[in-house]
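This report concerns only the one structure given below.
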2 protein chains.
Amino acid sequence: MKKVTLQDVADHAAVSKSTVSQYLNGRYTYMGEQTKRRIEESIRTLQYQPNAIARSLKQKKTTTIGVIMANILHRVSTQTSRAIEDFCHAKGYHVILCNADDDSEKEKQYIEMLKAKQVDGFIIYPTASNEEMYKSLLDEKYPVVFLDRKVKALSIPTLTLRNEEAMDWAIEHLKNQGNESIAYISSPLTISPRTERYDGFLSSMKRHGLTIQQDLIYTDKLSDSTSFLKKIFSPGHFPDAILSSNDRSLVPVLDYLKKTFKGVPEHLSILTFDEVEYAEFFQPSITTVEQPAFEMGTKAAELLIDQIDHDGLQHLDDYYFGFQGKLNIRESSLKRGRD
Amino acid sequence: MKKVTLQDVADHAAVSKSTVSQYLNGRYTYMGEQTKRRIEESIRTLQYQPNAIARSLKQKKTTTIGVIMANILHRVSTQTSRAIEDFCHAKGYHVILCNADDDSEKEKQYIEMLKAKQVDGFIIYPTASNEEMYKSLLDEKYPVVFLDRKVKALSIPTLTLRNEEAMDWAIEHLKNQGNESIAYISSPLTISPRTERYDGFLSSMKRHGLTIQQDLIYTDKLSDSTSFLKKIFSPGHFPDAILSSNDRSLVPVLDYLKKTFKGVPEHLSILTFDEVEYAEFFQPSITTVEQPAFEMGTKAAELLIDQIDHDGLQHLDDYYFGFQGKLNIRESSLKRGRD
DNA sequence: CTGTTAGCGCCTTCAT
DNA sequence: ATGAAGGCGCTAACAG
């Protein structure tokens with residue numbers, strides 16, 4: 001079962017290696033019909049398969065890209081990576097998927113391993129603190145695309161949701177449904193989507209003439225959020241609505257409500273960023289801000305492969321690509337029997 | 001920014017390539033202290049990074065494995081792949097993730113591309129109809145592990161949920177809760193988990209003395225299931241419980257119930273295979289049979305890397321590894337106000 | 001202890 | 001229209 005090589009094919013077809021190579025690379029132009037046939041047949045009978053490693057070494061191209069994601073367990077990441085994979089497959093590229101777990105050390109390690117593997121480019125969900133690494137990628141002219149998070153002051157194409165805009169729609173919708181006091185829950189404000197959403201929340205509240213109540217806002221580790229929830233969901237505080245900044249932060253909320261009220265109270269609106277699976281089957285169904293994950297993944301892959309095929313970063317007028325969120329209005333945010 | 005190579009380092013340190021290579025590969029044993037130092041420094045100042053492609057060509061090993069999954073959008077697949085990735089990363093292996101979409105043509109294509117890329121082994125969610133391909137992998141002594149689905153008569157390590165056992169627990173539980181007539185919904189019985197669950201359903205019903213009602217069973221395309229649901233949820237038929245064979249088949253059920261009854265009727269039990277996210281927050285929370293996805297992924301990776309490190313398939317007494325499901329009993333299957 | 005040499009499998013001028 | 005030769009970057013005997 002030893003591997004059959006170009007040489008074997010050449011021998012079998014009684015031609016030279018280079019001729020077979022020509023054939024493989026479609027340089028038929030001046031090739032004799034019978035030679036072509038003989039090679040074809042030899043390849044078939046020997047079950048020859050080119051060795052992509054050897055080819056890569058010579059051509060300095062692996063047709064493989066590296067994707068370093070925050071956490072593949074998040075639904076958005078999954079969808080994005082699926083879209084990336086689909087697009088790349090269509091273009092003849094392979095994808096090596098890595099999980100950085102929001103650990104910049106791990107991220108760095110991955111980038112290095114992938115460089116060693118000579119990937120042709122990177123799609124990265126950047127962690128907060130690895131700027132030097134990114135900069136060096138840029139210096140070495142590695143094609144890179146950032147997803148979901150912005151890293152300021154680097155000319156690297158970046159795709160994110162237009163968080164402030166989406167937040168504004170969310171607030172407007174909540175206001176239109178008669179919600180005045182709105183609680184906000186988020187994980188610590190470490191990465192750009194979180195800060196943008198939070199900032200957007202504050203400014204949009206102001207813009208809509210709603211008063212911001214500091215004691216209705218939580219931006220810390222979710223595992224410690226119970227006392228916050230207990231506080232705001234006690235008589236005297238009870239907000240009209242609670243806005244969750246992503247699908248993870250929705251969990252403690254639902255959990256608390258379920259345990260305490262055996263369901264969602266009639267007079268509380270819920271709205272969360274990120275589409276949650278089965279959102280429509282909840283009682284009440286949950287209003288969400290959905291990211292166009294497929295679009296974003298596809299676009300990221302497209303931008304990257306463009307860069308690769310054009311041999312390096314081409315100048316863009318704008319390195320930022322904002323994507324529109326979609327407000328999926330469901331029961332949880334509508335005026336129900338509340339009035 | 002041209003790549004710096006072993007040669008460059010050797011020149012800079014005034015030694016030969018091989019000495020540097022020795023150094024890199026930890027063959028210090030007989031190396032002079034100063035030489036070592038010089039090399040170290042040269043590597044640092046030149047920012048040398050070994051080219052894994054070149055190394056692979058020489059060593060015929062890529063420390064990369066290929067994973068071909070049915071569909072990365074499924075939660076179980078995601079978790080499994082995450083576990084695989086974690087394990088491999090710890091062992092210094094890389095993972096190329098591919099989506100076959102249950103399309104055996106695509107699967108074949110992927111296997112071929114990955115072979116060309118000289119991956120060291122495969123983890124595959126086998127589609128129904130690619131036996132020749134698997135057989136040839138085996139012939140070529142490629143390390144392979146199958147996940148989730150059985151392919152009969154091939155000596156390939158296979159990991160799946162013990163479907164019949166889990167089904168039996170589910171039925172027993174439903175019976176204990178006073179359910180007599182149980183409806184069953186599944187996608188077409190094309191792959192082993194589906195057939196095993198279905199067969200398990202039938203035999204377990206019998207074993208528990210419950211009568212199987214053919215008109216309460218659906219095993220066809222989910223998109224056409226509405227009329228079935230309409231039929232069984234009409235007066236005269238209404239089953240005590242409905243059992244969904246996976247997370248996908250739960251969707252039309254919830255959808256129908258939501259639209260028709262604005263929720264889950266008090267007198268209907270629901271139980272589904274596959275853990276669904278937020279299952280506990282449903283009203284009522286949903287009873288599920290959970291697969292130990294992380295365990296399975298980890299074990300799959302472990303078995304594969306074992307094979308790789310031991311240079312080929314080692315003989316196993318049993319190529320089948322069954323995993324125990326976990327019945328997450330929640331409100332949807334408990335006797336509630338029904339009696 | 002370190003350098004020389006010979007490939008790994010393929011691609012690519014350059015001759016013929 | 002085809003072949004010969006050199007090299008991609010690294011490793012692995014085998015000398016010295």
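Proteins come first, then strands; the chains are lettered A, B, ... in the order of their sequence lines, and each starts at number 1. Because the structure is predicted, anything quoted here is derived from the model rather than measured.
- Scored by the ring-ring contact (aromatic ring centres under 6.0 Å, His included) test, F323(B) finds no partners at all (sequence neighbours excluded).
- Put simply, CG on D11(B) is 11 Å from P on dG3(C), counting in whole angstrom units.
- With sequence neighbours excluded, the residues satisfying side chain to side chain contact (heavy atoms under 4.5 Å, CB included) with A300(A) are I123(A), V145(A), L147(A), L159(A).
- Sorted by first then second residue, the salt bridge (charged side-chain N to carboxylate O under 4.0 Å, His left out) pairs that include residues 58-73 of chain A, not counting sequence neighbours, are K61(A)-D120(A).
- For S18(A), the side chain to side chain donor-acceptor pair (under 3.5 Å) partners two or more places apart in sequence, or in a different chain, are S16(A).
- Comparing the helix axis at one end of the helix from dC1(C)-dG16(D) to dT16(C)-dA1(D) with that at the other, each defined from 5 consecutive pairs, gives an inter-axis angle of 40° (nearest 10°).
- Here the C1' atom of nucleotide dT2(C) and the CZ atom of R38(B) are 11 Å apart, to the nearest Å.
- When the P atom of dC1(C) is taken as reference, atom NZ of K36(B) falls 10 Å away, rounded to whole Å.
- One atom, CD1 of I43(A), and another, P of dC10(C), lie 10 Å apart when rounded to the nearest Å.
- Looking at heavy-atom distances under 4.0 Å, T35(B) makes contact with sugar-phosphate atoms alone, never a base.
- Every residue meeting the side chain to side chain contact (heavy atoms under 4.5 Å, CB included) condition with K135(A), not counting sequence neighbours, appears here in chain and number order: E131(A), L154(A).
- Residues satisfying the ring-ring contact (aromatic ring centres under 6.0 Å, His included) test with Y110(B), not counting sequence neighbours, are H89(A).
- Listed by first and then second residue, the salt bridge (charged side-chain N to carboxylate O under 4.0 Å, His left out) pairs that reach into residues 68-94 of chain B are D101(A)-R82(B), R82(B)-D86(B), sequence neighbours excluded.
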Exercise. What string of B, S and - do you get for nucleotides 6-16 of chain D, 5' to 3', if B is base contact, S is sugar-phosphate-only contact and - is no contact with any protein heavy atom under 4.0 Å?
Worked result: BBBBBBB----
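- Salt bridge present: E33(B) and R37(B) bring a charged side-chain N and a carboxylate O closer than 4.0 Å.
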